[in-house]
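Residue numbers start at 1 and run along the sequence shown.
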Amino acid sequence: MTDTQNTEFKATSPLDEAGLAQLFTDAHTHTKWHDKPISEDVLKQLYDLVKVGSTSANCSPARFVFITSDEGREKLKPCLSSGNVEQTMTAPCTVIVAYDEEFYEELPTLFPYADAKSWFTSSPEAAYETAMRNSSMQGAYLISAVRALGLDAGAMSGFTPTLLNETFFSDSTWKVNFLLNIGYGDKEKVNKRLPRLSFEQACHIV
């Protein structure tokens, strides 16, 4: 019997109930915020957690713009749907979760095992699909990181993408995916959780 066969399998320990509650079962989308700023160190810590999340071929297409200044908020404001203005103007930070259309330029460094860049330079459709799918995953990693560090989050899709891209990314290859308000949510003003689909409605085991 080899040493490998003698090695006892050890599963990763699951989070306790408090950890699961913080990330999922007690977590809500927040729209009302306490007036407490988020430090640059915390924003960097959030990214350090997000960047280790898995993406296909380690492509890491997501790009993040952290808006914390009044000037940045006023720049963003015309891009927002009317129903999202108040919650965004009062949030300590709004993150533009974007993707780089030319994310593949980094693949020789990020994925040196193959000529992965050519997979996307030869197929704009594959590049777009990969950028959107993986930047969406990275945005979800960001929500989990926000909650893990004791902050709250509120994701939004109510904005005008063309105007936002013109306003923030006119001289780059970045494009917006969605917006995420983060901060310390007012838990007294959170909405009641809406119904969710049951396992039987949403899942199959095959």
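- Put simply, the side chain of S123 gets close to the backbone of A126: a donor and an acceptor are under 3.5 Å apart.
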Self-check item: Derivation and outcome, side-chain contact (heavy atoms from CB on, under 4.5 Å), residues H30 and I182
Solution: CA-CA 8 Å; H30 281 261; I182 63 176; over 6 Å; no
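- Note that the CG atom of N181 and the OG1 atom of T31 stand 9.0 Å from one another [nearest 0.5 Å].
- At a threshold of 4.5 Å between non-hydrogen side-chain atoms, the residues T94 and L76 count as touching.
- Grouping the Ile, Leu, Val, Met, Phe, Trp and Tyr side chains by contacts below 4.5 angstrom, directly or via other members, places L180 with V50.
- Between I67 and G72, the shortest heavy-atom contact is CG2-C, 3.5 Å.
- Considering D100, L110, L107 as possible partners of C59, the one that fulfils the side chain to side chain contact (heavy atoms under 4.5 Å, CB included) test is L107.
- A heavy-atom distance below 4.5 Å is found between the side chains of F159 and V176.
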Exercise. Evaluate the criterion side-chain contact (heavy atoms from CB on, under 4.5 Å) for residue pair S60 and E106; output intermediate values, then yes/no.
Key: CA-CA 9 Å; S60 308; E106 302 295 337; over 6 Å; no
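- Within the model, atoms CD1 of I38 and CD of E40 stand 12.5 Å from one another, a figure rounded to the nearest 0.5 Å.
- In terms of heavy atoms, M89 sits closest to L80 at CE-CD1, 3.9 Å.
- Within a 6.0 Å radius of CG in D35, other residues, nucleotides and ligands contribute 12 heavy atoms or fewer.
- Cluster annotation: V42 and Y141 are assigned to the same hydrophobic cluster (Ile/Leu/Val/Met/Phe/Trp/Tyr, side-chain heavy-atom contacts under 4.5 Å, transitive).
- Minimum heavy-atom separation, G139 to F178: CA-CZ, 3.7 Å.
- In the displayed structure, Q201 atom CD is contacted under 6.0 Å by more than 12 heavy atoms of other residues, nucleotides or ligands.
- Minimum interatomic distance between H34 and P92 (heavy atoms only, all atoms of both residues): O-CG, 3.9 Å.
- Judged by a 6.0 Å distance limit and a 45° cone about the ring axis, K175 is not positioned over the six-membered ring of F169.
- Inspection of the T162 and N165 side chains reveals no N or O donor paired with an N or O acceptor under 3.5 Å.
- Between N177 and S136, the side chains place a donor N or O and an acceptor N or O closer than 3.5 Å (distance only, hydrogens not considered).
- The minimum heavy-atom distance between T130 and P61, with the atom names listed, is O-CG, 4.2 Å.
- Under the salt bridge (charged side-chain N to carboxylate O under 4.0 Å, His left out) criterion, E105 pairs with K117, sequence neighbours left out.
- Between W174 and F103 the shortest side-chain heavy-atom distance does not fall below 4.5 Å.
- Summarising the geometry of Q87 relative to W33, their closest heavy-atom pair is O-NE1, 3.1 Å, with the distance given to 0.1 Å.
- I96 CD1 to C79 SG: the interatomic distance, rounded to the nearest 0.5 Å, is 7.5 Å.
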Practice problem: Given salt bridge (charged side-chain N to carboxylate O under 4.0 Å, His left out), test E129 with R133 step by step and report yes or no. | Solution: CA-CA 6 Å; E129 185 176 322; R133 179 183 298 119; 2.7 Å; yes
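- The distance from the OG1 atom of T167 to the NZ atom of K77 is 14.5 Å, given to the nearest 0.5 Å.
- Between D41 and K44 no salt bridge is recorded (no basic side-chain N to carboxylate O distance below 4.0 Å).
- The ring pair (Phe, Tyr, Trp, His ring centres under 6.0 Å) contacts involving residues 40-78 comprise nothing, where partners must be two or more places apart or lie in separate chains.
- Inter-residue side-chain proximity for T29 and V190 is flagged as unmet; no heavy-atom pair is nearer than 4.5 Å.
- Note: Y128 and Y99 have perpendicular aromatic rings, judged against thresholds of 30 and 60 degrees for the angle between ring planes.
- Side-chain contact between R73 and T88 is absent, with no heavy-atom pair separated by less than 4.5 Å.
- The hydrophobic clustering, which links ILVMFWY residues whose side-chain heavy atoms are closer than 4.5 Å, places W119 and Y113 together.
- L23 and M137 fall into different hydrophobic clusters, defined by Ile, Leu, Val, Met, Phe, Trp and Tyr side-chain heavy atoms under 4.5 Å apart, directly or through other members.
- E86 meets the salt bridge (charged side-chain N to carboxylate O under 4.0 Å, His left out) test with K32; sequence neighbours excluded.
- Residues L46 and V95 are not in side-chain contact: their nearest non-hydrogen atoms beyond the backbone lie 4.5 Å or more apart.
- Put simply, the side chain of L149 reaches to within 4.5 Å of the side chain of Q45, judged on heavy atoms.
- We find the CZ-CG distance between R147 and D26 to be 10.5 Å, quoted to the nearest 0.5 Å.
- Atom-to-atom distance recorded for L151:CG and I143:CD1 is 13.0 Å, nearest 0.5 angstrom.
- Counting heavy atoms from C-beta on, the side chains of V146 and D152 never come closer than 4.5 Å.
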